[in-house]
Amino acid sequence: MKQNTGLTRRQYLTQFSRTAQWRLGSADAAEAISDYRELVFQEERDESRLLEELGDPVHAAWLLTDRTAYRRWLAVFGVLVYGLFLLAKWDWTGWSRFRFSFAEPCWYPVWVMAVGMVLSLYWFRRHGQKNGLLPRWLIPVLAVALMAGAAVMVWAWHVMAPEFLERVAAEPTRSQLLKQVWLLGDLLMFGGAGSALAALAGLVLARCRDRRWLAVYLLGLTAAALCGFVTFHLKSIALARPAPEMIRAWLFARLIPIGAVGLVGTGVALC
């Protein structure tokens, strides 16, 4: 009597593919998956004996792993994910436990963005792989992320307008004005944390599918850093340094170059 492994050919190959893509990266995984597809779908192969003849699909992918290369990837991934965690935390709380005498907290997100951008571009340009045409959903996802980030910055521009700040100062108890200010805080909080999560998804897809998904990581990283930059200014004494009528100009004179660098990095990731 034949033993049923509980795995069809397609299920076996799916489990193997997912593990191989993560452990080997898209470049080496493509060749390994192609080889195992031929083995799994051989006409003479008995589907009920897949595990017996080919071994557990996850373990099979592990056996193909270059442990040194995989550990290096885990180190890079850990650094990038920790940076995203910091950005999400800063965007959500507006506070950092780190304190450096030579820099204001508002620049902490920019440092994280710089490290994440340089490290990720270096790693994926060297070890990642492009698989044919652009992934189907990449451009729509980038467009949605870009519009969402732009919407937050446009609202920040509106709330920090000199005439709006003058109205808030003259009528501090007017609920309609306060709601607009509170909305900016919510947009920065949820937008920044959401951008960090989107960046994490882009990072995983860049490893497992196509390196050009790194563009989503870089765009999300940039948006989260910009939200953190604004949040720290709104919740720190740095906001009081320029005169009220100069707050918007002073802040956006820094946000625009940071955003431009992020967009350039996003474009490089698509190449």
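Note that the structure is a prediction, hence the values are computed from the model and not measured. The basis for the numbers below is simple: all heavy atoms, side chains too, and nothing from hydrogens, waters or symmetry mates.
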Would you check if the side chain of [X] reaches a backbone N or O of [Y] as a donor-acceptor pair within less than 3.5 Å?
{"X": "S34", "Y": "A30", "answer": "no"}
{"X": "T65", "Y": "W62", "answer": "yes"}
{"X": "R207", "Y": "L203", "answer": "no"}

Tell me who clusters with [X], hydrophobic residues only, linked when side chains sit under 4.5 Å apart either directly or through other members.
{"X": "V141", "result": "L134, W137, L138, I139, L142, L146, L205, W213, V216, L219, L263, L270"}
{"X": "L197", "result": "none"}
{"X": "V118", "result": "none"}
{"X": "W92", "result": "M189, F190"}

Taking atom CD of E31 as the centre, does the number of heavy atoms from other residues, nucleotides or ligands within less than 6.0 Å exceed 12?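 Open.
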Taking OH in Y122 as the centre, count heavy atoms belonging to other residues, nucleotides or ligands within less than 6.0 Å. Is the count above 12?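 Not buried by this count: 12 neighbours or fewer within 6.0 Å.
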With rounding to the nearest 0.5 angstrom, report the [atom1] to [atom2] distance, [X] to [Y].
{"X": "R125", "Y": "C271", "atom1": "CZ", "atom2": "SG", "value": "6.0 Å"}
{"X": "W90", "Y": "T231", "atom1": "CH2", "atom2": "OG1", "value": "12.0 Å"}
{"X": "R23", "Y": "L63", "atom1": "CZ", "atom2": "CG", "value": "9.5 Å"}
{"X": "L218", "Y": "L214", "atom1": "CG", "atom2": "CG", "value": "4.5 Å"}
{"X": "I258", "Y": "F229", "atom1": "CD1", "atom2": "CZ", "value": "4.5 Å"}
{"X": "S120", "Y": "L221", "atom1": "OG", "atom2": "CG", "value": "7.0 Å"}

Which heavy-atom pair separates [X] from [Y] by the least distance, and what is that distance?
{"X": "C106", "Y": "H233", "value": "SG-NE2, 3.3 Å"}
{"X": "A199", "Y": "L84", "value": "CB-CD2, 3.7 Å"}
{"X": "M117", "Y": "G262", "value": "CE-CA, 3.6 Å"}
{"X": "D56", "Y": "Y12", "value": "C-OH, 4.1 Å"}
{"X": "A224", "Y": "G192", "value": "CB-O, 3.7 Å"}
{"X": "M113", "Y": "T222", "value": "CE-OG1, 3.8 Å"}

Aromatic contact between F232 and W95, with the criterion being ring centroids under 6.0 Å apart: yes or no?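 No, the ring centres sit 6.0 Å or more apart.
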Given side chains that start at C-beta, do those of V112 and Y82 come closer than 4.5 Å, heavy atoms only?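 Result no, sub-4.5 Å side-chain heavy-atom pair not found.
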Do Y217 and L80 make a side-chain contact, defined as non-hydrogen atoms from C-beta onward lying under 4.5 Å apart?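 Y217 vs L80: side chains touch.
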Under the salt bridge (Lys or Arg N to Asp or Glu O under 4.0 Å) test, residues paired with D210 that sit two or more places apart: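 Counting only residues at least two positions away or on another chain, D210 forms a salt bridge (Lys or Arg N to Asp or Glu O under 4.0 Å) with R212.
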Apply salt bridge (Lys or Arg N to Asp or Glu O under 4.0 Å) to R9 and list each qualifying residue two or more places apart in sequence or on a separate chain.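 Salt bridge (Lys or Arg N to Asp or Glu O under 4.0 Å) list for R9, sorted by chain: E47.
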With sequence neighbours excluded, give me every side-chain hydrogen bond (donor to acceptor under 3.5 Å, both in side chains) pair touching residues 67-77.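 For residues 67-77, and leaving out neighbouring residues, the side-chain hydrogen bond (donor to acceptor under 3.5 Å, both in side chains) pairs sorted by first residue read W22-Y70.
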side-chain hydrogen bond (donor to acceptor under 3.5 Å, both in side chains) pairs, two or more places apart, involving residues 178-188: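 Residue pairs passing side-chain hydrogen bond (donor to acceptor under 3.5 Å, both in side chains), neighbours aside: H158-Q180.
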Kindly work out whether a path of hydrophobic side-chain contacts (I/L/V/M/F/W/Y, heavy atoms less than 4.5 Å apart) joins L54 to V58.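 No, no single cluster joins them.
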Look at the side-chain heavy atoms of Ile, Leu, Val, Met, Phe, Trp and Tyr, link any pair under 4.5 Å apart, and say whether V154 and L226 land in one connected group.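 No, it is not one cluster - the side chains of V154 and L226 are not joined through contacts under 4.5 Å.
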Residues two or more places apart in sequence or in another chain: which of them pass ring pair (Phe, Tyr, Trp, His ring centres under 6.0 Å) with F252?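 For F252, the residues satisfying ring pair (Phe, Tyr, Trp, His ring centres under 6.0 Å) (neighbours in sequence not counted) are W157.
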W107 vs R254, test: side chain to side chain contact (heavy atoms under 4.5 Å, CB included). Steps then yes/no. CA-CA 10 Å; W107 290 103; R254 289 151 181 78; 4.2 Å; yes
Report the residues that fulfil side chain to side chain contact (heavy atoms under 4.5 Å, CB included) with [X], sequence neighbours left out, ordered by chain and then residue number.
{"X": "V152", "value": "L187, L188, C227"}
{"X": "S17", "value": "L13, I33"}
{"X": "A32", "value": "F16, L24, L64"}

